[in-house]
Amino acid sequence: MPVSRSYDPLPSYPPAAGEVAAGWSVPAAALPPGPLVLAVEGPAALDWAALADGLAGAVRATGREASFLDVREHYAVDAAERIAARPVPDGDPFFTPLSTARVADLFDAVPQAERPAGDGVSVVYGPGAALCEADVLWYADLPKRYAEAAVARGALPVGVNLGRPTAPGDLVRLFYTDWPVQDRHRDALAGRVERWIDVQDPARPASLDGTALRATLAQLARGPVRTRPYFNSTPWGGQWAASELGFTPQAGNTALGYELIAPEAGVLVGEKGGAQVELPFQLLCVEHPEEMLGEDVHRRFGTSFPIRFDYLDTMGGGNLSLHLHPREQYMREVFGWPYTQHETYYVTAGEDGSRVLLGLTDGADPDLMRRQVEDSIAHGTPMPVEDHVQSHPATVGQLFMIPAGTPHASGAGNLVLEVSATPYLYSLRLYDWLRKDAAGASRPLPYAHGFANLDTARRGADVTKDLVQQPRTLRSGEGWREEVLGALPEMFYAVHRLVVTEGHEARDDTAGRFHILNVAAGEGAVVETHDGRTHTLAFAETLTVPASVGAYRVRALGGGEVRIVKALVVEP
């Protein structure tokens, strides 16, 4: 009988075939005999010089000669300009659409490695190596959080951005150019990669051969799966995840908890305490879209996993910035995303008196509001936020609906589970409480975008009626019920809650659409699928139940009641 347990910051799964190898010696020894060209593809942010050194030593230790070609030395002079995302309007200092360029655009002509003599190995490596004619293709990967954190603190060397070998790292470039270009390239290659190499430890990389990689992706896409969580620090961040979950803050707080944000999330594969590779969650959707998403969701969203779960921790911290997100048409026409960032806040924990700011007051004057925002930026004048935006009690268990265009902020003293649409790069900030970052600079405020998207129609009593909904029972049985916490016609997903008492279980079915579950209260639960798979879920953990799972049941662990937030795509 499974028992309740504490939050696991490193959930992992065994490979479906083979085993995870540690170090360079196993991959080098597994190379086929005879003269061959090996291409090692991967993102710009990893340490390619260290990779080449480690691989060279391992290949030569097998008694074979090795030569190396760095494709980055063959990029076109204007490579960075060719792939850059273009701001709309021109010169926008805050945002760009996601780049639609290809890795191939970096080259005038793709270089080719010379075929070696005898049983030598000619290695071509770097972003774009897979475009070269090669006998064997490997993919070396470094999770995105490394590049993001290092650029943010100015720690990465020059050359971290794609096609910019001599420029310092830049976050806007990373988000809007590098990652979209590299992700499309990686996704297109996944089906023919012969070894996946995780270089989080460059001296001792972990790897999985291509057959095991694809078998593991197939297995993970057919059963409940957790991604590896992590927390980032920000000027407003709190201390809850540090004190309650044991995370060590990078910069003094645990503001942003990445439970499941598909473009950045990874799944750990390998035995605990042993070698592990972290596979991008997105590969599950690329290689097995209907199993993961469901046929209808795949048809609507392609291979984009459209819902994300994350924590906003302001316990012992400060208010989030007052902000909103682009409305549907603006998101498509200006930023290029096919769907927009509707959000919800579920209050998981809170200090006495904590609040959530949401929606316009009856008397809100957008023109006056804009003048006050501009005055705060120009002169450091505090803005009377609550003259314009409503303040609501942050009651534990309450869900707040935040459709695109709605001004909002989680107040100090909250732990908010943010259940949101996946686009996450376009927060249109209006006011940040005159706060300074660690370097003493004010946060950029793209208020022109914000006011262009401000929904002025829903205000006053309509905010409470529409956006602060009360739970309504959808179905129930002995010892359990499923409640609808929030649903709106303009939002493509709904948020429900399963409430299961000790000794009971709730039966559910994906019915062809993925579910996401999060234990929001209680000691935990066991999720059991119809084919016999089981997955224990502790308080605060998030689990994806792929569409292919079908029927499953949720059993409460520990004493008392367990409350599980559930999100799913609803009919258009």
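None of the values given here were measured: they were computed from a predicted structure.
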Visitor: Over all heavy atoms of both residues, which pair between H325 and S427 is shortest? Give the atoms and the distance, please.
Guide: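 That closest heavy-atom pairing would be CE1-OG, 3.2 Å.
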
Visitor: Has the side chain of N232 got a donor or acceptor atom that lies under 3.5 Å from a matching backbone atom of L256?
Guide: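 No, because the side chain of N232 does not come within donor-acceptor range (under 3.5 Å) of the backbone of L256.
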
Visitor: Could you walk me through whether Q200 and Y146 pass side-chain hydrogen bond (donor to acceptor under 3.5 Å, both in side chains), step by step?
Guide: CA-CA 9 Å; Q200 293 182 60; Y146 285 88; 2.7 Å; yes

Visitor: Less than 4.0 Å between a side-chain N and a carboxylate O, is that true for D432 and R435?
Guide: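 Yes, R435 and D432 are salt-bridged.
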
Visitor: Supply the atom-to-atom distance L98 CG to Y426 OH, rounded to the nearest 0.5 angstrom.
Guide: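 L98 atom CG to Y426 atom OH measures 4.0 Å (nearest 0.5 Å).
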
Visitor: Could you measure the distance from the CZ atom of F301 to the CG atom of L293? Nearest 0.5 Å is fine.
Guide: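 The CZ atom of F301 sits 9.5 Å away from the CG atom of L293.
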
Visitor: Got V373 and L322 here, is their nearest side-chain heavy-atom distance under 4.5 Å?
Guide: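 Result no, sub-4.5 Å side-chain heavy-atom pair not found.
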
Visitor: Say you draw a straight line from OG1 of T100 to CZ of R184; how long is it, rounded to the nearest 0.5 Å?
Guide: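 So the gap between those two atoms works out to 6.5 Å.
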
Visitor: Which heavy atom of Y431 sits nearest to which heavy atom of L445, and what is that distance?
Guide: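 Closest approach of Y431 to L445, heavy atoms only: N-CD2, 4.1 Å.
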
Visitor: Which atoms form the tightest heavy-atom contact between L10 and D8, and what is the distance?
Guide: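 Closest heavy-atom pair between L10 and D8: N-OD1, 2.9 Å.
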
Visitor: Any side-chain to backbone donor/acceptor pair from T177 onto A85? Under 3.5 Å, distance only.
Guide: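 Answer holds: yes.
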
Visitor: Find out whether W48 and V40 are in side-chain contact, i.e. whether some heavy atom of one side chain is under 4.5 Å from a heavy atom of the other.
Guide: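 They are in contact (side-chain heavy atoms under 4.5 Å apart), so the answer is yes.
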
Visitor: Would the distance check show the side chain of E278 and the main-chain N or O of D141 forming a donor-acceptor pair, the cut-off being under 3.5 Å?
Guide: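 No: the side chain of E278 does not pair with the backbone of D141.
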
Visitor: Does any N or O in the side chain of R60 come within less than 3.5 Å of the main-chain N or O of E65, such that one atom is a donor and the other an acceptor?
Guide: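 Such a contact is absent between R60 side chain and E65 backbone.
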
Visitor: Give the C-alpha distance, both sets of side-chain angles, the deciding distance and a yes or no for ring pair (Phe, Tyr, Trp, His ring centres under 6.0 Å) between H449 and F94.
Guide: CA-CA 10 Å; H449 283 300; F94 304 109; 7.2 Å; no

Visitor: Quick check: closest heavy atoms across A255 and T234, and the distance to 0.1 Å?
Guide: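 Heavy atoms of A255 and T234 come nearest at CB-OG1, 3.3 Å.
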
Visitor: How are the rings of F107 and Y75 set to each other: parallel, tilted or perpendicular (split at 30° and 60°)?
Guide: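 Correct class here is perpendicular.
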
Visitor: Would you compute the distance between atom OH of Y139 and atom CD1 of I197 and round it to the nearest 0.5 angstrom?
Guide: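 Answer for the OH-CD1 pair, Y139 versus I197, is 11.5 Å.
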
Visitor: Testing E259, R145, E264 for side-chain hydrogen bond (donor to acceptor under 3.5 Å, both in side chains) with Y230, which one passes?
Guide: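 So, applying the side-chain hydrogen bond (donor to acceptor under 3.5 Å, both in side chains) to Y230 and each of E259, R145, E264, only E264 qualifies.
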
Visitor: So L428 and P326, do their side chains get closer than 4.5 Å, heavy atoms only?
Guide: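 Yes, close enough: below the 4.5 Å cut-off.
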
Visitor: Taking side-chain hydrogen bond (donor to acceptor under 3.5 Å, both in side chains) as the criterion, tell me which of H185, Q182, R186 meets it with E41.
Guide: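 With E41 as partner, side-chain hydrogen bond (donor to acceptor under 3.5 Å, both in side chains) holds for just one option, H185.
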
Visitor: Applying side-chain hydrogen bond (donor to acceptor under 3.5 Å, both in side chains), run through Q341 and E343 and close with a yes or a no.
Guide: CA-CA 6 Å; Q341 188 175 342; E343 291 186 341; 2.9 Å; yes

Visitor: What is the minimum heavy-atom distance between L543 and P224, and which atoms define it?
Guide: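 For L543 versus P224, the nearest heavy atoms are CD2-CB, 3.7 Å.
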
Visitor: Okay, side chain of T216, backbone of A212: is any donor-acceptor separation there less than 3.5 Å?
Guide: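 Yes: the side chain of T216 pairs with the backbone of A212.
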
Visitor: Is it true that a side-chain atom of R214 and a backbone atom of V193 form a donor plus acceptor pair closer than 3.5 Å?
Guide: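 Answer holds: yes.
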
Visitor: Give, for atom OG1 of T254 and atom CG of D313, the distance between the pair rounded to the nearest 0.5 Å.
Guide: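 These two atoms lie 4.0 Å from each other.
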
Visitor: Looking only at heavy atoms, which two atoms of F305 and T544 are closest? And how far apart?
Guide: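 In terms of heavy atoms, the two residues are closest at CZ-CG2, 3.9 Å.
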
Visitor: Between E81 and R164 (salt bridge meaning N to carboxylate O under 4.0 Å), is one present in this structure?
Guide: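 Salt bridge flag = no for R164 with E81.
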
Visitor: Answer yes or no: is there a side-chain heavy-atom contact under 4.5 Å between D70 and F68?
Guide: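 Of all side-chain heavy-atom pairs linking F68 with D70, none is under 4.5 Å.
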
Visitor: Just verifying a value: how many Å separate H288 NE2 and R222 CZ, rounded to the nearest 0.5 Å?
Guide: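 So the NE2 of H288 and the CZ of R222 are separated by 5.5 Å.
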
Visitor: Just so I know, are the side chains of L213 and L279 near enough to count as touching, which here means a heavy-atom distance under 4.5 Å?
Guide: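 In short, these two side chains touch, coming nearer than 4.5 Å.
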
Visitor: Indicate yes or no: at least one non-hydrogen side-chain atom of H298 is less than 4.5 angstrom from one of E291.
Guide: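 No, every pair of side-chain atoms sits at 4.5 Å or beyond.
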
Visitor: Could you check whether any side-chain heavy atom of R173 comes within less than 4.5 Å of a side-chain heavy atom of D178, counting everything from C-beta outward?
Guide: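 Heavy-atom side-chain distance check passes, below 4.5 Å.
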
Visitor: Are the side chains of F335 and T340 in contact, using a 4.5 Å heavy-atom criterion?
Guide: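 Not touching, per the 4.5 Å side-chain cut-off.
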
Visitor: Could you tell me whether a side-chain N or O of S233 sits under 3.5 Å from a main-chain N or O of N253, the two making a donor and an acceptor?
Guide: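 Here the side-chain-to-backbone pair exists.
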
